[in-house]
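Here the structure comes first, spelled out in structure tokens, and everything after it is commentary.
Each chain gets a letter, A, B and so on, in the order the sequences are listed, and its residues count up from 1. Computed over heavy atoms, backbone and side chain alike; hydrogens, waters and symmetry mates excluded. Since we're looking at a predicted model, the values are computed, not measured.
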Protein chains: 2
Amino acid sequence: MELRQLRYFLAVARERNFSRAAENLHIAQPPLSRQIQQLEDELGVLLIDRSSRPLDLTEAGRFFYEQSGQIMARIEHMREQTRKIGLSKRERYVIGCVGSTLYGGIPDLVRRMHMRWPDLDIEIREMMSTEQVTALKERRIDLGFGRVRFNDREVERLTLREERLVVAFPKGHPKSLSADPIALSELEGEPLIIYPSAPRPSFADEILNMLSEQGISPGSVEEVREIQTALGIVAAGMSLCVIPAASQRQRPDDVCYRTIKDENATSPIIMSFRRDDAKGRIEEIKQLIREMYADNPPWLQLSNVQLDGA
Amino acid sequence: MELRQLRYFLAVARERNFSRAAENLHIAQPPLSRQIQQLEDELGVLLIDRSSRPLDLTEAGRFFYEQSGQIMARIEHMREQTRKIGLSKRERYVIGCVGSTLYGGIPDLVRRMHMRWPDLDIEIREMMSTEQVTALKERRIDLGFGRVRFNDREVERLTLREERLVVAFPKGHPKSLSADPIALSELEGEPLIIYPSAPRPSFADEILNMLSEQGISPGSVEEVREIQTALGIVAAGMSLCVIPAASQRQRPDDVCYRTIKDENATSPIIMSFRRDDAKGRIEEIKQLIREMYADNPPWLQLSNVQLDGA
DNA sequence: CCATCATTATACCTTTCAGGTATCAAACCC
DNA sequence: GGGTTTGATACCTGAAAGGTATAATGATGG
């Protein structure tokens, strides 16, 4: 598959007419027909229903049209951004973080960093904990915030805090009627949703480990790619889910949350960075985080701060 | 730009070595070098720093690597999905909706539709109100939920309810101290964030119209692409923002919301569909929505239901 | 239902450009 | 600093994109 084929298909899909599309593309009609045929051959699926005029897209063609349009827009955006970054003299500082930290202190930290270094272009990139290690080593990010512990010679990690875990129940679930902390053992036999399903090891494994260490076996375990989906399934009444405390800001109307009683049922927030970091902002960033924690923001509740030991 | 060049660049960026990358790609090294050069020429930006071995990516190259990897993954996903849809015999039903309706009844409606038609593959696609009209006409979606009124011969629209609007304040803003409804006139002179910036006309214009009709002029107006960004800027204390009531479920910790007193300060939820819809499920869907509204879910508060007139 | 028009598919030729080979020029490594 | 690794350059070959002519097919109107 080549971008040319996507461009051609988009033109045909928009015009619903090969000849006119070919004109717009400044090529003759037969090569256009052939490229579309090749695309369909490769996919093994018909995209255009040619049995009637004006042409109609097949079901698969409609989907492909939608997607390829978005992809072309995204590529155009990448092209412009790359050009801009290449020509810009401003320094870039890229932060990789797992989604749940965006519900915690990251937005506030970025604000403080903006104030501290106005000439820095700060960028946030969502990224699983495990990806952060390689991204750091390959200098694709300068700082990472994750939830899974790992060891790597080149990467230093610092546990900022241990966040308590909560159980998400569908509204109306018998065990959701109390607002009190819940014992981990009450998950015995309950259907459980975990996330993310890839890449491993992830938060999903931390939860499974925690349960098996305590000898608790859920009734069923299903994996989904992201927390939104997980909470959607919880809201639909199909299952329960264990999430970090800060993430319970989501869906307050159709999902109920109960903190887990066991104080060791926690998930860490780990900051990681290159040992040989040349940009030399790490110490000041630690200081900004200390100041932020001192302000005791609401998302800090239910956490055991550890940064002071740093 | 062609996908081949993205594939080649990814291989070089991963290996940090042209010769080895060429081996992996089963081509010789010189053509690989040339393709990368062409890519760099087209972008007008150097992606790879060749002045030292092992090779290093430039700042722009790092960005391009990140992006093109994601794009390739997305294309792969599109290819598989297209194939699957093309071979599947199941019927697809695509719903286009603006983001804020996902905080309302759409998830519940989809659940009910799943139960009613187990053999239907229902798909949700985020889409601005204006895009929905063309998407309906081109049969890319079967049902739309939007916030902007429009007229089109082929498309029928039905106002489900009028949702009250609320103002978002940064925590600690003097006007956020009261929880009572706020008069629209109090926005006079305040800096305002509106969204989405494209495509027009959008919710942003509805807000601007409403204000100018009442003779209210905000201190400054800035446009952003999406509500997340808008609320982030509000949380950072830079501005205020007017949003539909159902969207106030977001960021409850660092943003305060006050309902607007004026009962006409509302935003409609509009369902739209093709007049000639062949799938013939519209009447049953209306019935499902009526049942859903009868259950009086929490997101229905602060809304004036209008569906009964349908 | 057939004739005509519009439009797409097929056959075949031309041209462009991706890929290969040979070789040169740096950069790294003792 | 001389050998080795590796990327760039020059030039050639061949696959594939694009063009032209024409046949096949669906739409349209009497």
Side-chain angles (χ1 to χ4, degrees), chain A residues 1-58 60-62 64-65 68 72 75 86 138-139 276, chain B residues 1-58 60-62 64-65 68 72 75 86 138-139 276:
Chain A
M1 182 147 55
E2 286 298 331
L3 285 187
R4 178 184 26 256
Q5 295 169 317
L6 298 195
R7 281 189 289 268
Y8 288 6
F9 173 75
L10 286 174
V12 174
R14 267 194 286 269
E15 290 288 346
R16 314 235 153 185
N17 180 312
F18 278 74
S19 309
R20 250 179 298 141
E23 264 180 57
N24 294 346
L25 294 166
H26 306 294
I27 62 169
Q29 168 263 317
L32 176 59
S33 290
R34 201 175 52 198
Q35 288 295 329
I36 302 291
Q37 284 170 23
Q38 283 176 7
L39 180 61
E40 289 177 324
D41 279 359
E42 187 194 326
L43 292 169
V45 155
L46 230 60
L47 299 175
I48 296 173
D49 175 8
R50 297 153 166 88
S51 73
S52 82
R53 246 65 71 83
L55 300 177
D56 198 7
L57 299 185
T58 63
R62 276 192 262 282
F64 196 83
Y65 176 65
S68 48
M72 292 305 287
I75 287 176
E138 295 176 357
R139 312 234 313 261
D276 69 343
Chain B
M1 183 146 52
E2 286 298 334
L3 285 187
R4 180 185 19 259
Q5 296 170 318
L6 298 195
R7 281 190 289 268
Y8 288 5
F9 174 75
L10 285 173
V12 175
R14 268 194 284 269
E15 290 288 347
R16 314 237 153 186
N17 179 312
F18 277 74
S19 308
R20 248 179 299 140
E23 266 180 54
N24 294 347
L25 294 165
H26 306 293
I27 62 170
Q29 168 261 317
L32 176 58
S33 291
R34 201 176 54 200
Q35 288 294 328
I36 302 291
Q37 283 169 24
Q38 284 176 7
L39 180 60
E40 289 177 322
D41 279 1
E42 187 193 327
L43 292 168
V45 154
L46 230 61
L47 298 175
I48 295 173
D49 176 8
R50 296 150 166 93
S51 72
S52 82
R53 244 70 68 88
L55 301 176
D56 198 5
L57 299 184
T58 64
R62 275 192 262 281
F64 196 83
Y65 176 65
S68 47
M72 292 305 288
I75 288 176
E138 294 176 356
R139 312 234 313 261
D276 69 343

- Message: Do B/Gln29 and B/Ser33 pair up side chain to side chain, a donor and an acceptor below 3.5 Å, judged on atom types alone?
- Response: yes
For [X], enumerate each residue passing the salt bridge (Lys or Arg N to Asp or Glu O under 4.0 Å) test, keeping only those at least two apart in sequence or located in another chain.
| X | value |
| --- | --- |
| A/Arg7 | B/Glu2 |
| B/Glu42 | A/Arg79 |
| A/Arg14 | none |

Any side-chain heavy-atom pair of [X] and [Y] under 4.5 Å:
| X | Y | result |
| --- | --- | --- |
| B/Arg50 | B/Ile36 | yes |
| A/Leu55 | A/Glu15 | no |
| A/Phe64 | A/Leu57 | no |

- Note on the structure: A correct 5'-to-3' footprint of nucleotides 16-28 of chain D, with B, S and - meaning base, sugar-phosphate only and no protein heavy atom under 4.0 Å, is -BBBBB---BSS-
- When you list every nucleotide of DNA chain C with an atom under 4.0 Å from a heavy atom of chain B, which one comes first 5' to 3', and which comes last? C/dA18 to C/dC28
- Over all atoms of both residues, closest heavy-atom pair of B/Gly61 and B/Phe9: O-CZ, 3.7 Å
- Compute the bend angle of the helix from C/dC1-D/dG30 to C/dC30-D/dG1 from the end axes (five pairs per end), rounded to 10°. 50°
- Task: Ignoring hydrogens and angles, tell me if any N or O in the side chain of A/Glu40 forms a donor-acceptor pair with the backbone of A/Ile48 under 3.5 Å.
- Result: yes
- Query: Quick one: is B/Gln37 getting a side-chain N or O under 4.0 Å of the D/dG7 phosphate, OP1 or OP2?
  - Reply: no
- Query: In terms of side-chain geometry, is the basic nitrogen of B/Arg62 or B/Asp56 positioned less than 4.0 Å from the acidic oxygen of its partner?
  - Reply: yes
- Query: Looking across every strand, which nucleic acid part, if any, lies under 4.0 Å from B/Ser19 by heavy atom: base, sugar-phosphate, or nothing?
  - Reply: sugar-phosphate
